[in-house]
Amino acid sequence: TTIPTEATAAAAGANATAHFASDKDPYAAVKDVPPARVDKLARRVLAAVHDTIREEKVTYDEYNALKAWLIQVGKDGEWPLFLDVWVEHVVEEVATEHREGSKGTIEGPYYVPNAPECAENGVGTIPMREDEAGTKLTWTGTVTATDGTPLENAKVEVWHADNDGYYSQFEPSQPQWNLRGTFSVGEGGRFEIHTIQPAPYQIPTDGACGKLIAAAGWHAWRPAHIHVKVSAPGYELLTVQLYFPGDEHNDDDIASAVKPELILDPKPAGDGTATVDYGFVLDPV
Ligand code: MBD
Ligand code: FE
């Protein structure tokens with residue numbers, strides 16, 4: 001595989017930062033948080049840092065290394081990557097603990113809204129290049145409510161990496177909407193999505209997050225995954241990722257985002273392609 005020279009951490013990071021910040025007031029989400037809440041959360045986070053410094057007797061060299069590294073995370077545009085890899089999974093856990101429907105997981109840094117509609121009567125193919133590498137996958141399923149009602153106006157948004165582990169719009173060689181699509185479900189809430197199996201994914205190793213990983217002796221891998229958002233009016237948005245059995249990183253995902261319920265069970269179709277059935281159950285708002 002050829003890795004495009006422009007597929008740098010800084011390039012992907014700048015795109016992820018721009019996507020997160022674009023057309024938003026950076027503080028829109030926090031305007032209405034009462035000062036007492038900000039006070040409590042800021043104090044608790046700082047106290048956790050202070051405790052670590054005292055207990056571990058952190059030195060000035062270590063403090064200055066941290067300062068330089070934090071500055072570099074911003075320069076590389078890697079705050080979305082850092083937060084989504086090492087923090088988001090706990091936010092997701094807390095946000096969805098009340099649900100009775102399908103399990104979700106983190107969104108990650110590479111979602112782009114408004115991917116082209118690909119389905120007719122629930123059936124369609126994700127945008128891909130003529131010679132797109134990877135095992136072809138036919139994925140069928142149904143979107144229902146927790147009470148069993150089929151949700152016929154549900155939408156299934158899908159995005160995933162290509163066979164080299166790159167996401168369109170965060171790396172320059174792929175067409176804009178490559179491997180990104182919206183599938184409006186058909187009768188009975190059913191869908192049939194044609195795509196390819198993505199490859200395992202290594203988070204960028206040449207930026208600040210990669211530096212942390214190398215300095216700590218960790219690895220940079222996420223298991224192969226398909227990102228999904230399932231929505232329907234009157235129901236809670238489900239954000240999830242689906243994984244493949246046997247992936248060596250299902251048990252040590254750098255982003256801690258694998259749950260046993262999210263591992264698919266694809267079957268070889270005999271012609272080199274695979275089929276899988278996996279549906280979604282949404283909680284009413
Ligand atoms: C990804 O593709 C991803 O899904 C997450 C959570 C973090 C980095 C890259
Ligand atoms: Fe991903």
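Indexing begins at 1, ligand by ligand and atom by atom, following the structure's order.
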Participant: Specify whether an N/O/S atom of Q241 falls short of 2.8 Å from the Fe ion (ligand 2).
Facilitator: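 So Q241 does not bind the Fe ion (ligand 2) by this criterion.
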Participant: List ligand 1 atoms under 4.0 Å from G108, heavy atoms only on the residue side.
Facilitator: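 Numbered from 1, ligand 1 contributes 6 (C).
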Participant: Would you say D51 has more than 12 foreign heavy atoms packed within less than 6.0 Å of its CG?
Facilitator: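 Counting other residues, nucleotides and ligands, CG of D51 exceeds 12 neighbours.
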Participant: Would you find more than 12 non-hydrogen atoms of other residues, nucleotides or ligands less than 6.0 Å from R37 atom CZ?
Facilitator: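 Not buried by this count: 12 neighbours or fewer within 6.0 Å.
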Participant: Is E88 touching ligand 1 with its side chain, its backbone, both, or neither, if touching means heavy atoms under 4.0 Å apart?
Facilitator: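 Neither; nothing of E88 gets under 4.0 Å from ligand 1.
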Participant: For T205 and Q202, work out which heavy atoms get closest and say how close.
Facilitator: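 In this case the closest contact between T205 and Q202 is CG2-NE2, 3.8 Å.
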Participant: Short list, please: which atoms of ligand 1 are under 4.0 Å from a heavy atom of L81?
Facilitator: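 Those qualifying, in numeric order: 8 (C).
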Participant: Please confirm whether Y167 comes within less than 3.5 Å of ligand 1 when only nitrogen or oxygen atoms on both sides are compared.
Facilitator: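 Yes: some nitrogen or oxygen of Y167 is under 3.5 Å from one in ligand 1.
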Participant: If you measure from the Lys or Arg side-chain nitrogens to the Asp or Glu carboxylate oxygens, is any gap between E107 and K229 under 4.0 Å?
Facilitator: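 Looking at E107 and K229, the cut-off is met.
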Participant: For ligand 1, is E107 a contact, meaning one of its heavy atoms is under 4.0 Å away?
Facilitator: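 No, that is not the case, since the closest heavy atom of the residue is not under 4.0 Å from the ligand.
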Participant: Using a 4.0 Å cut-off to any heavy atom of I106, which atoms of ligand 1 qualify?
Facilitator: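 Listed by number with element: 6 (C).
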Participant: Please state whether the rings of F82 and W86 are parallel, tilted or perpendicular, taking 30° and 60° as the class boundaries.
Facilitator: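 Tilted: the ring planes of F82 and W86 meet at 30° to 60°.
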Participant: Just to check, does P109 reach to within less than 4.0 Å of ligand 1 when the distance is taken from its heavy atoms?
Facilitator: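 P109 counts as a contact of ligand 1 under the 4.0 Å cut-off.
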Participant: Between NZ of K259 and CD of E92, what distance do you get to the nearest 0.5 Å?
Facilitator: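 K259 NZ to E92 CD: 3.5 Å, rounded to 0.5 Å.
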Participant: How wide is the angle at the Fe ion (ligand 2) between NE2 in H227 and NE2 in H225, to the nearest 10°?
Facilitator: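 Taking the Fe ion (ligand 2) as the apex, the two atoms subtend 90°.
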Participant: If you measure every N or O of H225 against every N or O of ligand 1, does any of those distances drop under 3.5 Å?
Facilitator: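 Right, the criterion is met.
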Participant: When you compare the side chain of Y110 with that of R180, does any pair of heavy atoms fall below 4.5 Å?
Facilitator: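 Sidechains of Y110 and R180: in contact.
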Participant: So which protein heavy atom does atom 3 (C) of ligand 1 come closest to, and at what separation?
Facilitator: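 Nearest neighbour among protein heavy atoms for atom 3 (C) of ligand 1, to 0.1 Å: R222 NH1, 3.4 Å.
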Participant: Heavy-atom pairs closer than 4.0 Å: do any link ligand 1 to the side chain of A161, the backbone, both, or neither?
Facilitator: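 Looking at A161 and ligand 1, no heavy atom falls under 4.0 Å.
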Participant: Can you confirm, on distance only, whether ligand 1 has an N/O atom lying under 3.5 Å from any N/O atom belonging to H227?
Facilitator: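 Between H227 and ligand 1 (N or O atoms, distance only) the closest approach is under 3.5 Å.
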Participant: Are the side chains of F183 and H194 in contact, using a 4.5 Å heavy-atom criterion?
Facilitator: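 H194 vs F183: side chains apart.
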Participant: Could you name the option among W159, Y201, F170 that has the heavy atom nearest to atom 1 (C) of ligand 1?
Facilitator: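 Nearest option to atom 1 (C) of ligand 1, by heavy atoms: Y201.
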Participant: Will you find, in the side chains of Y167 and Q169, an N or O donor that is under 3.5 Å from an N or O acceptor?
Facilitator: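 Distance-only check fails for Y167 and Q169.
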